[in-house]
**Student:** 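First the structure, then my questions, so here it is.
Below, chains carry the letters A, B, ... as their sequence lines are ordered, and counting in each starts from 1.
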Amino acid sequence: MAEHRYDPKEIEPRWQQVWADERTWEVSNADADPSHKSYVLEMLPYPSGEPHIGHLKNYSIGDAVAHFHRRAGRTVLHPMGYDAFGLPAENNAIKTGVHPRDATQKAIESFQRQFHEWGMSIDWSREFGTHEPRYYRWTQWIFLQLFQHGLAYRKDAAVKWCPNDATVLANEQVVDGHCERCGAEVEARQLEQWFFRITDYADRLLDDLDGISWPEHVKTMQRNWIGRSEGAEVTFRCEELAIDYPVFTTRPDTLFGATFFVMAPEHPDVERLAAGTGQEDAVREYVNHAMGESVEERGAADKPKTGVFLGRHVVNPVNGESLPMYVADYVLMEYGTGAIMAVPGHDERDFAFAQAYDLPVRRVVADQDPEGELPYTGDGPLMNSHPDFDGMHNREALERIVDWLDREGKGHKSINYRLRDWLVSRQRYWGCPIPIVHCDQCGMVPVPEEQLPVVLPDVTDYKPKGKSPLAAAEAWVRVPCPSCGGDARRETDTMDTFVDSSWYFLRYCDATNDDQAWDPSVVNRWMSVDQYIGGVEHAILHLLYARFFTKALADLGHLDVQEPFARLFTQGMITKDGAKMSKSKGNVVSPAALVERYGADTARCYILFIGPPDQDADWSDTGVEGMHRFLGRLWRTCATAADELPEAPVPDEPDADALRIVRKAHWAIDKVTNDLDQRFAFNTAIAAVMELLNEVTPEKRGAADAGSVRFALATAASLLFPFAPHVTTDAYERLTGRRVWEEPWPPADPRYLEADTFELVVQVNGKVRDRVEAPTGASEQALLELARAQPNVQAHIDGKQVVKEIVVPGKLVNVVVRG
RNA sequence: GCCCGGGUGGCGGAACGGUAGACGCGGAGGCCUCAAAAGCCUCUGCCCUUCGGGGCGUGUGGGUUCGAGUCCCACCCCGGGUACCA
């Protein structure tokens with residue numbers, strides 16, 4: 001008899017070849033029927049170097065979901081592509097002179113090879129890179145759609161500038177005052193840039209979060225980022241200069257407590273306010289200093305409050321009081337109106353400023369203790385305000401005061417957002433060109449659709465110089481104006497790469513369409529993505545932008561869905577020895593090395609077995625060995641059984657040993673199905689298959705008949721298929737002659753889920769005192785009698801008074817005694 | 001500071017308010033072998049034991065309950081997000 005040895009190096013390529021030859025995972029748009037389609041998508045990779053362990057986890061999760069959905073009878077769209085534009089390839093080009101396209105292409109090939117070696121069930125007919133003209137042609141088309149509908153615009157604004165990458169950044173790309181990418185300290189600059197009007201969608205982006213199945217913490221992060229605040233805009237007049245200054249406040253109920261007024265250093269009126277007051281020099285000096293501060297310095301929370309008197313006053317509209325005006329850097333120009341009313345009694349920042357500059361503090365909201373410590377930011381009845389409002393709860397007074405202001409023309413309800421418009425232009429080379437031509441006569445002219453794509457030209461110098469390297473491609477820049485035909489120049493900025501990834505999920509639906517970005521009738525049938533899977537680091541940027549694009553494109557009539565990702569799963573990080581893997585730490589686990597040593601099935605299974613996939617997990621080298629042993633045992637047991645045991649059906653009345661393993665098989669079906677369907681509990685699903693196999697090994701299965709053993713083993717292979725597709729396919733074929741991916745997901749037979757007897761747990765005063773075999777359908781009375789008959793139970797209740805008896809049918813009995 | 005997660009054996013982790021520690025790793029002993037590798041079997045939370053069993057155990061302190069890792073209150077520690085947003 002032939003010795004069976006588990007050899008992934010032989011098994012895995014053999015089945016990968018079958019899947020490639022037969023294009024097993026391709027789906028036709030004709031089969032996209034909303035009643036049974038499933039769109040399973042993992043975030044597309046940025047192709048740089050080799051795939052890392054996080055990719056393996058991401059795509060192992062996605063592939064398991066895709067397989068499970070397929071075998072549950074759904075038509076699964078499971079595509080793959082590459083987010084290929086971006087700075088790392090360009091920075092590499094500056095260093096080495098290698099064209100970013102070549103470096104990117106090399107990385108893409110490495111990703112492609114490994115995805116194949118991992119056995120991922122991907123529809124390769126829909127593959128693309130976002131750097132290919134056949135893709136970015138449509139990125140440009142979308143830009144023009146937004147431009148033509150006023151959602152893309154150019155304006156001069158204070159923007160965040162990364163001096164190292166020599167480009168502007170979106171607000172979302174600035175982390176603690178530093179460039180998200182390179183870590184350099186970000187500067188503020190006044191520049192004319194391109195923006196997308198995402199703020200128009202703030203309310204919808206907020207409201208529609210309620211309708212999607214996303215992790216609550218991701219929704220919370222988006223809500224905080226959008227930062228909707230309800231309040232009022234209130235007008236304070238500077239009589240000396242006859243200028244009205246509106247301020248935004250969320251606490252109009254504290255208007256009577258305002259004792260001074262503060263403007264941001266960037267406020268355009270600061271200089272003219274100070275003019276002629278004797279404060280000019282002090283103000284100018286302060287403003288210059290504030291402007292010179294880095295974003296990080298200025299943003300430090302514990303920074304002492306500083307500011308300078310402007311020499312002017314404004315009138316508080318509710319009581320006519322005259323309030324001194326200050327300029328202080330704790331007020332931000334980009335939020336609200338760039339000016340605030342200061343209520344030191346009920347705002348910590350205003351209080352700190354008042355302390356520093358010896359300004360009056362007035363309590364206008366009573367605390368539990370009316371003379372309690374200030375500042376008090378909580379609620380309570382108003383005091384020291386106005387006879388009409390004193391004693392009224394501040395939340396009610398808030399409404400009344402705003403109504404009053406409105407009637408008097410001094411203010412009105414208002415809503416403010418933290419969200420800013422999305423700055424999308426970049427002064428860099430390796431990105432999608434913005435399809436706009438600047439003409440002295442006609443202004444900004446969109447490149448006509450039929451001339452798309454505007455192809456990214458080759459340049460020799462990628463180095464950023466404060467303007468795009470494309471500006472050096474003179475022959476490319478100079479074009480006739482599409483409108484008047486006169487001399488004109490192309491826009492030389494490129495788009496933020498987040499633009500590329502904000503619509504790729506739409507292109508997958510109709511990836512080979514050369515006539516349009518997509519056919520709406522096709523997209524409407526595949527979308528929304530049923531299950532999206534990726535890292536939580538994209539909780540704000542990518543996910544917010546993609547939602548915005550989807551809504552904007554829907555408004556323009558190009559698709560019918562409002563939300564791109566119906567369900568989201570965010571995976572945890574894989575660490576090594578508790579630390580993030582990095583080349584500098586030398587603790588990188590390479591998927592390629594893993595697959596080489598153990599095979600893809602082991603690598604994929606272990607990464608899912610290691611713990612709940614949404615949590616961080618620490619890599620263990622010995623843990624992988626264990627998984628490899630398990631897969632080897634599974635394959636060997638199946639292969640041997642296929643050779644040695646005759647083919648036979650499961651008997652109608654299996655004997656005791658057979659019944660045990662058939663029951664275990666159905667238990668495992670039930671468990672794995674639930675773990676996959678209801679939760680993302682891959683770790684416990686795999687553990688259930690391990691338990692099943694442990695019952696069916698030759699040493700453990702006793703006298704079970706061949707049919708029952710074959711059934712249990714085939715079931716184990718079938719259930720493990722979504723995680724370890726090669727070894728299970730091979731084992732299943734040996735046992736049944738059929739292809740497991742063509743088999744429907746097995747149903748659990750309820751007849752086998754419940755046994756004739758169960759183990760009754762007997763407690764006395766909540767402590768387990770015995771366990772005893774009991775018939776499944778026994779009455780409560782019968783269970784009680786059985787329980788009390790046990791000697792050890794007797795010993796614990798003997799001589800004591802039975803106070804109460806609890807019976808949980810099918811589970812336990814608890815006898816409560818006293819004395 | 002605020003908002004989320006999370007604290008369970010030597011380790012990763014299981015556990016509808018009902019047997020805490022499934023499954024795996026690691027460890028101990030054994031089988032097979034001339035020997036090894038591979039494989040297989042048994043045991044493995046801590047303490048006590050007359051070997052029947054008993055006591056203690058899920059970050060800490062309270063509470064609810066016949067019964068709490070699970071629910072409630074207060075607190076401690078770790079991780080993440082966010083922070084002059086008026």
**Student:** Scan A:Val803 against the nucleic acid and name what it touches under 4.0 Å (heavy atoms): base, sugar-phosphate only, or nothing.
**Tutor:**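 Contact class for A:Val803: none.
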**Student:** By the 4.0 Å heavy-atom rule, please label A:Pro698 as base, sugar-phosphate, or nothing.
**Tutor:**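 If one applies the 4.0 Å heavy-atom cut-off, A:Pro698 turns out to touch nothing in the nucleic acid.
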**Student:** Look at atom NE2 of A:His412 and say whether more than 12 heavy atoms of other residues, nucleotides or ligands are closer to it than 6.0 Å.
**Tutor:**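 Yes - once you tally the heavy atoms of other residues, nucleotides and ligands closer than 6.0 Å, there are more than 12.
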**Student:** What stems, by residue range, does RNA chain B take part in, given at least 3 consecutive Watson-Crick or G-U pairs under 3.5 Å?
**Tutor:**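 Stems for RNA chain B, defined as runs of 3 or more consecutive pairs: B:1-7 with B:76-82, B:10-12 with B:23-25, B:26-31 with B:39-44, B:45-48 with B:53-56, B:59-63 with B:71-75.
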**Student:** At 4.0 Å (heavy atoms only), tell me whether A:Asn683 reaches a base, stays on the sugar-phosphate, or touches nothing.
**Tutor:**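 Counting heavy atoms under 4.0 Å across all strands, the contact made by A:Asn683 is with sugar-phosphate only.
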**Student:** Just to be sure I understand the rule, does A:His796 reach a base, reach only the sugar-phosphate, or reach nothing, if contact means heavy atoms closer than 4.0 Å?
**Tutor:**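 Here A:His796 touches the backbone only, sparing every base.
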**Student:** Just checking A:Asn792: base, sugar-phosphate only, or nothing, at a heavy-atom cut-off of under 4.0 Å?
**Tutor:**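 Contact class for A:Asn792: sugar-phosphate only.
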**Student:** A:Met690 side chain: which of B:G24, B:U82, B:U19 is closest?
**Tutor:**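 Selected nucleotide (nearest to the side chain): B:G24.
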**Student:** Roughly how many Å apart are B:C56 and B:C51, using the P atom of each and rounding to a whole number?
**Tutor:**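 About 22 Å, rounded to a whole number of Å.
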**Student:** Report which part of the nucleic acid A:Lys700 touches: base, sugar-phosphate, or nothing (heavy-atom distance under 4.0 Å, all strands).
**Tutor:**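 Sugar-phosphate contact only - A:Lys700 comes under 4.0 Å of backbone atoms but never of a base.
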**Student:** Where the side chain of A:Gln763 is defined as all heavy atoms beyond and including C-beta, which of B:G53, B:U19, B:C4 is the nearest nucleotide?
**Tutor:**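 When the side chain of A:Gln763 is considered, B:U19 is the closest of B:G53, B:U19, B:C4.
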**Student:** Among B:G24, B:U19, B:C25, which is the nearest nucleotide to the side chain of A:Asn694?
**Tutor:**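 Looking only at heavy atoms from C-beta outward on A:Asn694, the closest nucleotide is B:G24.
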**Student:** For A:Asn224, answer base if it contacts any base atom (sugar-phosphate contacts may also be present), sugar-phosphate if it contacts only those atoms, and nothing otherwise; contact means non-hydrogen atoms under 4.0 Å.
**Tutor:**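 Contact class for A:Asn224: none.
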**Student:** When we call it a touch if two heavy atoms are under 4.0 Å apart, what does A:Val808 touch: a base, just sugar-phosphate, or nothing?
**Tutor:**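 Base contact - A:Val808 has a heavy atom under 4.0 Å of at least one base atom.
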**Student:** Answer with base, sugar-phosphate or nothing: what part of the nucleic acid does A:Ile806 contact at a heavy-atom distance below 4.0 Å?
**Tutor:**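 A:Ile806: base contact, heavy atoms under 4.0 Å.
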**Student:** For residues A:Asp421 and A:Thr199, is any side-chain donor paired with an opposing acceptor at under 3.5 Å?
**Tutor:**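 Judged by distance alone, the side chains do pair up.
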**Student:** Can you work out whether A:Leu332 or A:Glu625 has the more 5'-proximal nearest nucleotide on RNA chain B?
**Tutor:**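 Looking at the nearest nucleotide for each, A:Glu625 comes out on the 5' side.
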**Student:** So what does A:Arg228 touch, heavy atoms closer than 4.0 Å: a base, only the sugar-phosphate, or nothing?
**Tutor:**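 If one applies the 4.0 Å heavy-atom cut-off, A:Arg228 turns out to touch nothing in the nucleic acid.
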**Student:** Calculate the interatomic distance between A:Lys219 atom NZ and B:C4 atom P; express it in whole Å.
**Tutor:**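 Whole-Å distance recorded here is 15 Å.
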**Student:** Say you pick atom P in B:C47 and the same atom in B:G57; how far apart are they, in whole Å?
**Tutor:**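 Nearest-Å result for B:C47 against B:G57 at atom P: 15 Å.
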**Student:** Categorize A:Val761 for me: base, sugar-phosphate, or nothing, with a 4.0 angstrom heavy-atom threshold over every strand shown.
**Tutor:**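 Base contact.
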**Student:** Give the nucleotide from the list B:U19, B:A15, B:C41 with an atom nearest to the side chain of A:Glu699.
**Tutor:**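 Nearest listed nucleotide: B:C41.
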**Student:** Assuming nearest nucleotide by heavy-atom distance, tell me which of A:Gln615 and A:Tyr330 is located more 5' along RNA chain B.
**Tutor:**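 By nearest-heavy-atom nucleotide position, the 5'-most residue is A:Gln615.
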**Student:** With sugar-phosphate meaning primed atoms plus P, OP1 and OP2, does A:Gly626 contact a base, only sugar-phosphate, or nothing at under 4.0 Å between heavy atoms?
**Tutor:**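 Answer is sugar-phosphate: A:Gly626 comes under 4.0 Å of backbone atoms only.
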